[in-house]
Amino acid sequence: MRHNVLKVLACLVIAIALIGAGCTSQEESPTEEPVRIGVVQWDDSRATGNVFLHILDEGGHEYEIVSADLGGLYQATSQGDIDVLIQAWLPATQASYWDQYGDSLNKAQVVSSGAKIGLAVPDYVYDSGITTVEDLKGNASKFDGRITGIEPGAGIMVTTEKALEEYNLEEYELYSSSTVGMATELQDKMDNEEWIVATLWRPHWTFARMEGLKFLEDPKGVYGGSDNLVILTRPGFEEDRPEFYQLIQNYEMDLSDIESIMIDIDEGQSPEEAASNWLAENPEKYDEVLGTQ
């Protein structure tokens, strides 16, 4: 009888140990934290970013949005405080940020190619003989001595400061504004056929909305060639979150699609609504990114 009792007790001890081991294992199993995503607050980034976020929602993936200025997002991603950055303009436009932080960043995916930055003028200015950045020299009075820019610190602003030096355009001053402010001033000047030169880029809705905008040629290549719109990730993210990383690598968009969403945003739709409406018309994008096709 004693032998049977001991046998039963031994079985209970083993069972309890197994249950305890199971509980310990479950408690110690790491829970995946939401992916921290930095989205640059420009219309092209908000367009591509919100399409991607809607797709993540559809797939049930957890994430957190982080907002900051461009330099702050680059730094935070390189330090591992942000997992994913949507989106960088490389190799030209944001070269200064890449030079500073690129050793600690990973180019995860080219979302779209063929992007471009530079100085743009209305066609009536271009047709008058101002066809290159060099042609601005000696004509400052016609432009009120100013180049209309966007937010200070933006890659195109840093590059334009360099262009002023390279082309000896000391008679011009680069005015900081906002993207909306730049576009508003550009439209006002064009409505009255007044001269203006502005920092501009593609994709941007102005090219679809304002007919007759042309980039000035850049003989010295200060603005570089065409850019790629790139999603960056922190060091080690691919190894830590391979499934999520694959979603990033599945994500691509055409420049024309990005601009169509940007137009909807400019017309008053929220970035979330504009992205949702675009996805409703292009539902195959869910399967393409989530890998369910």
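As a basis for the values below, the full set of heavy atoms in this structure was taken, side chains included, without hydrogen atoms, waters or symmetry mates. These numbers were taken from a predicted model, which means no experiment stands behind them.
Ile150 is not listed as a side-chain neighbour of Ser176, based on a closest heavy-atom distance of 4.5 Å or more. Considering only heavy atoms from C-beta on, Leu290 comes within 4.5 Å of Leu247 through its side chain. Within the 4.5 Å cutoff, side-chain heavy atoms of Lys285 are placed close to those of Ile55. Contact check for Ser260 versus Trp278: side-chain heavy atoms found under the 4.5 Å cut-off. By the 4.5 Å heavy-atom criterion applied to side chains, Leu200 and Ile156 are not counted as neighbours. A 4.5 Å side-chain heavy-atom check between Glu243 and His61 finds at least one atom pair inside the cut-off. Counting heavy atoms from C-beta outward, Leu186 and Met210 have side chains that approach closer than 4.5 Å. Between Ile231 and Val84 the shortest side-chain heavy-atom distance falls below 4.5 Å.
At a threshold of 4.5 Å between side-chain heavy atoms, the hydrophobic network of Ile, Leu, Val, Met, Phe, Trp and Tyr places Tyr74 and Phe237 in two separate groups. Both Leu90 and Ile82 belong to a common hydrophobic cluster when Ile, Leu, Val, Met, Phe, Trp and Tyr are linked at side-chain heavy-atom distances under 4.5 angstrom. Under a hydrophobic-cluster definition in which Ile, Leu, Val, Met, Phe, Trp and Tyr are linked whenever side-chain heavy atoms come within less than 4.5 Å, directly or via other members, Val40 and Leu229 are assigned to different clusters. In terms of hydrophobic clustering, with Ile, Leu, Val, Met, Phe, Trp and Tyr side chains grouped at heavy-atom distances under 4.5 Å, Val66 and Val39 are assigned to different clusters. Residues Ile86 and Val289 fall within the same hydrophobic cluster, defined by Ile, Leu, Val, Met, Phe, Trp and Tyr side chains chained together at heavy-atom separations under 4.5 Å.
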Starting from the C-alpha separation in whole Å, work towards a yes-or-no answer on salt bridge (Lys or Arg N to Asp or Glu O under 4.0 Å) for Lys214 and Asp123.
CA-CA 6 Å; Lys214 294 182 178 178; Asp123 55 2; 5.9 Å; no

Check step by step if side-chain hydrogen bond (donor to acceptor under 3.5 Å, both in side chains) holds for Tyr63 and Asp83.
CA-CA 10 Å; Tyr63 59 86; Asp83 298 306; over 6 Å; no

Intermediate values then yes/no, salt bridge (Lys or Arg N to Asp or Glu O under 4.0 Å), Arg209 and Glu259:
CA-CA 10 Å; Arg209 182 69 55 74; Glu259 287 180 333; over 6 Å; no

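The pair Arg146-Glu171 fails the salt-bridge criterion, with no side-chain N (NZ, NE, NH1 or NH2) lying under 4.0 Å from an Asp/Glu carboxylate O. Using a cutoff of 4.0 Å between basic side-chain nitrogens and carboxylate oxygens, Glu62 and Arg36 are not scored as salt-bridged. Using a 4.0 Å cut-off between a side-chain N of Lys or Arg and a carboxylate O of Asp or Glu, Arg234 and Asp240 qualify as a salt bridge.
Note that OG of Ser67 and CG of Leu73 are 7.5 Å apart. Values are rounded to the nearest 0.5 Å. One finds the CD1 atom of Ile37 at 5.5 Å from the CG atom of Leu56 (value rounded to the nearest 0.5 Å). Note that CD of Gln75 is 11.5 Å distant from CG of Leu70, once rounded to the nearest 0.5 Å. Atom CZ of Phe143 and atom CG of Leu169 lie 10.5 Å apart (nearest 0.5 Å). Separating the CG atom in Leu85 from the CG atom in Leu232 is a distance of 5.0 Å, to the nearest 0.5 Å. Rounding to the nearest 0.5 Å gives a distance of 4.0 Å between CG of Asp266 and CH2 of Trp205.
Listed for the Asp254 side chain is no donor-acceptor partner under 3.5 Å among the backbone atoms of Asp257. A donor-acceptor pair is defined here as one N or O able to donate and one able to accept, closer than 3.5 Å; such a pair exists between the side chain of Lys220 and the backbone of Glu166. A donor-acceptor pair under 3.5 Å is formed between the side chain of Gln109 and the backbone N or O of Tyr251. At least one donor-acceptor pair closer than 3.5 Å links the side chain of Glu151 to the backbone N or O of Thr179. Put simply, the side chain of Asp264 never gets that close to the backbone of Ala274: no donor and acceptor are under 3.5 Å apart. The main-chain N or O of Asp188 is found under 3.5 Å from a side-chain atom of Asn192 such that the two form a donor-acceptor pair. Looking only at distances, a side-chain donor or acceptor of Thr184 sits under 3.5 Å from a matching main-chain atom of Val180.
The two residues Ile248 and Ala108 have their closest heavy-atom pair at CG2-CB, 3.8 Å. In plain terms, the two heavy atoms of Glu252 and Glu288 that are nearest each other are O-OE2, 4.3 Å. Residues Gln94 and Trp42 approach most closely at NE2-CZ3, 3.9 Å, considering heavy atoms. Across Val133 and Asp218, no two heavy atoms sit closer than the pair CG2-CA, 4.3 Å. Closest approach of Ser113 to Asn228, counting heavy atoms only: CB-OD1, 3.2 Å. Taking every heavy atom of both residues into account, Ser96 and Val158 meet most closely at OG-CG1, 4.3 Å.
Using modelled atom types, one finds a donor on one side chain and an acceptor on the other under 3.5 Å when comparing Asn277 with Gln269. Asn106 and Thr233 share a donor-acceptor pair across their side chains, judged by distance under 3.5 Å alone. Side-chain contact, Asp135 with Thr132: a donor N or O sits under 3.5 Å from an acceptor N or O.
In this pair, Tyr97 and Tyr101 present their aromatic rings parallel. The plane angle is below 30°, not in the 30 to 60° band. Ring-plane geometry between Phe52 and Phe244 is classed as perpendicular, the angle between the planes exceeding 60 degrees on a 0 to 90 degree scale with a lower cut at 30.
Other residues, nucleotides and ligands place more than 12 heavy atoms under 6.0 Å from the CD atom of Glu239. Around atom CG of Asn168, more than 12 heavy atoms belonging to other residues, nucleotides or ligands sit under 6.0 Å away.
Centroid-to-centroid, the aromatic rings of Phe215 and Tyr126 stay 6.0 Å apart or farther.
Among Thr160, Thr159, Thr199, the one residue that satisfies the side-chain hydrogen bond (donor to acceptor under 3.5 Å, both in side chains) test with Tyr223 is Thr160.
The ring pair (Phe, Tyr, Trp, His ring centres under 6.0 Å) pairs that include a residue from residues 149-181 number zero, where partners must be two or more places apart or lie in different chains. Annotation: side chain to side chain donor-acceptor pair (under 3.5 Å) contacts involving residues 44-53, sequence neighbours excluded, comprise Asp43-Arg46, Asp44-Gln87, Asp44-Trp89, Thr48-Gln87.
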